[in-house]
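Below is one structure, written out as structure tokens; comments come after it.
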Amino acid sequence: MKPTIIGIAGGTGSGKSTFTNRLHDAFGEQVAVLYHDNYYRCNDEISFEDRKKLNYDHPDAFETELLVKHLARLKENQAIECPVYDYSLHNRARGTVRIEPKPVILLEGILVLFDERLRDLLDIKIFVDADADERILRRILRDTKERGRDVDGIVSQYLATVKPMHNLYVEPTKVFADIITNSGMNDVAFDLMQGKIRTLLEKAQGKSNL
């Protein structure tokens, strides 16, 4: 039985990571999680100061072709070596993380519904929506607490690239979603997906017992 891949998209600070983490917490090691952010391109040839200025919200910032290959491998029940991104360095880290195929795979990222190649590999597509004011506030809290960024830098990046790229590339992908939820804490949407994943896992377990 091939894995079911669930794409969870939405703007920065929308709550998509919260939604993804809630599902992961509910099922633990029965599901695998991939983050599109880990597929940011390697920029070793660029200085740290120049890397800080790159547009990380444009589709070209991601090595999506590698992610597509990795998802295809997971679909065939083969393990992958997933890259790791270091936010403090604005660059890909040296090591990788081995991801084993699971009956359900969660793929989270702002642009996972943008690329047709990715969409073709997704069995269920979710878009987590949120008010722009809420999103920028959540981003400021996250980037200062978790990524060592300063407020001035966060605001400058948001105005220069995050907001315009959201309007150009992220927001329009809502049309591809099977489910749109207004929050990562929306219990109705969570319960629906929890029930769906439970059914998928039960089917997978049944197949393995044959």
Side-chain angles (χ1 to χ4, degrees), residues 5-14 16-17 20-21 32-76 78-101 105-122 125-128 135-136 138-140 142-144 146-150 153-173 176:
I5 302 179
I6 302 172
I8 303 172
T12 182
S14 63
K16 63 188 180 300
S17 295
T20 302
N21 291 337
V33 182
L34 272 75
Y35 300 96
H36 200 183
D37 282 8
N38 278 329
Y39 289 81
Y40 275 125
R41 295 187 184 278
C42 183
N43 289 303
D44 287 343
E45 73 284 1
I46 302 174
S47 70
F48 176 74
E49 289 304 317
D50 286 338
R51 290 199 301 268
K52 287 168 63 176
K53 301 173 186 175
L54 292 175
N55 183 350
Y56 291 98
D57 294 86
H58 191 282
D60 290 346
F62 299 89
E63 192 178 355
T64 300
E65 58 272 25
L66 177 60
L67 175 57
V68 169
K69 291 178 182 178
H70 280 178
L71 288 176
R73 286 180 61 87
L74 288 168
K75 276 273 193 182
E76 297 302 321
Q78 300 176 44
I80 63 166
E81 292 296 328
C82 179
V84 177
Y85 191 76
D86 188 332
Y87 293 98
S88 65
L89 297 176
H90 294 278
N91 204 6
R92 190 176 290 181
R94 297 298 177 193
T96 60
V97 174
R98 186 174 179 84
I99 304 290
E100 299 288 344
I105 297 166
L106 307 176
L107 173 64
E108 184 254 287
I110 61 172
L111 289 169
V112 299
L113 300 185
F114 174 79
D115 194 299
E116 185 178 4
R117 296 169 299 171
L118 278 183
R119 292 199 305 271
D120 288 344
L121 290 166
L122 301 177
K125 297 178 281 292
I126 301 169
F127 191 96
V128 183
R135 290 190 291 104
I136 181 57
R138 289 174 187 159
R139 184 182 178 103
I140 289 171
R142 181 200 68 191
D143 284 5
T144 53
E146 299 176 16
R147 300 181 181 177
R149 308 275 174 84
D150 63 86
I154 296 167
V155 172
S156 295
Q157 184 183 37
Y158 182 83
L159 294 175
T161 60
V162 178
K163 182 179 179 180
M165 295 302 101
H166 176 85
N167 294 335
L168 275 174
Y169 299 112
V170 182
E171 184 76 14
T173 65
F176 301 115

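Note that this is a predicted model, so its numbers are computed, not measured.
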Could you report the tightest heavy-atom contact between Gly11 and Ile110, atom names first, then the distance? C-CG2, 4.1 Å

Within the 4.5 Å heavy-atom criterion, are Val97 and Asn38 side-chain neighbours or not? no

Could you pull out the closest heavy-atom pair between Ala79 and Glu100, with the gap in Å? CB-OE1, 3.5 Å

To the nearest 0.5 Å, tell me how far Leu54 CG sits from Ile46 CD1. 5.0 Å

We want to know whether Glu81 and Thr96 form a side-chain donor-acceptor pair, criterion being a heavy-atom distance below 3.5 angstrom. yes

Calculate, to the nearest 0.5 Å, the distance between atoms CG and CZ belonging to Asn91 and Arg51 respectively. 4.5 Å

Which distance, rounded to the nearest 0.5 Å, do you find between the CG of Leu89 and the CG of Asp44? 10.0 Å

Go through Asp60 and Asn55 one step at a time and tell me if the side-chain contact (heavy atoms from CB on, under 4.5 Å) criterion holds. CA-CA 9 Å; Asp60 290 346; Asn55 183 350; over 6 Å; no

Step by step, would you call Val170 with Phe127 a side-chain contact (heavy atoms from CB on, under 4.5 Å)? CA-CA 10 Å; Val170 182; Phe127 191 96; 4.2 Å; yes

Are His36 and Leu118 side-chain neighbours, meaning at least one heavy-atom pair lies under 4.5 Å? yes

Could you check Leu34, Val33, Ile105 and say which one makes a side-chain contact (heavy atoms from CB on, under 4.5 Å) with Ile99? Leu34

Give me the atom names and distance for the closest heavy-atom approach of Phe62 to Asp37. CE2-OD1, 3.9 Å

Check: Phe114 main-chain N/O paired with Arg119 side-chain donor or acceptor under 3.5 Å: yes

Point-to-point distance, once rounded to the nearest 0.5 Å, from CD1 of Ile8 to NZ of Lys125: 13.0 Å

Any chance you could measure Asp115, atom CG, to Thr173, atom OG1, to the nearest 0.5 Å? 11.5 Å

Mind checking what makes ring pair (Phe, Tyr, Trp, His ring centres under 6.0 Å) contact with His70, not counting sequence neighbours? Tyr39

Take atom CD in Glu116; do more than 12 heavy atoms of anything else shown fall under 6.0 Å from it? no

So, Glu65 and Arg41, do they make that salt bridge, N to O below 4.0 Å? yes

So how far is it from Ile80 CD1 to Leu66 CG, rounded to the nearest 0.5 Å? 8.0 Å

For the residue pair Thr12 and His166, establish whether any side-chain heavy-atom pair is separated by less than 4.5 Å. no

Any donor-acceptor pair under 3.5 Å linking the side chain of Tyr40 with the backbone of Tyr56? yes

Given the rule in the side-chain contact (heavy atoms from CB on, under 4.5 Å) test, do Leu107 and Leu67 qualify, once you have shown the distances and angles that lead to the verdict? CA-CA 10 Å; Leu107 173 64; Leu67 175 57; 4.0 Å; yes

Any sub-3.5 Å donor-acceptor pair from Tyr85's side-chain atoms to His90's backbone N or O? yes

Pairs meeting criterion salt bridge (charged side-chain N to carboxylate O under 4.0 Å, His left out) with involvement of residues 158-167, two or more places apart: none

Using only atom types and a distance under 3.5 Å, with no angle test, would you say the side chain of Ser14 pairs donor to acceptor with the backbone of Val128? yes

Going by heavy atoms in the side chains, are Tyr169 and Leu111 under 4.5 Å from each other? yes

Is there a side-chain contact (heavy atoms from CB on, under 4.5 Å) between Lys16 and Ile126 once you walk through the steps? CA-CA 9 Å; Lys16 63 188 180 300; Ile126 301 169; over 6 Å; no

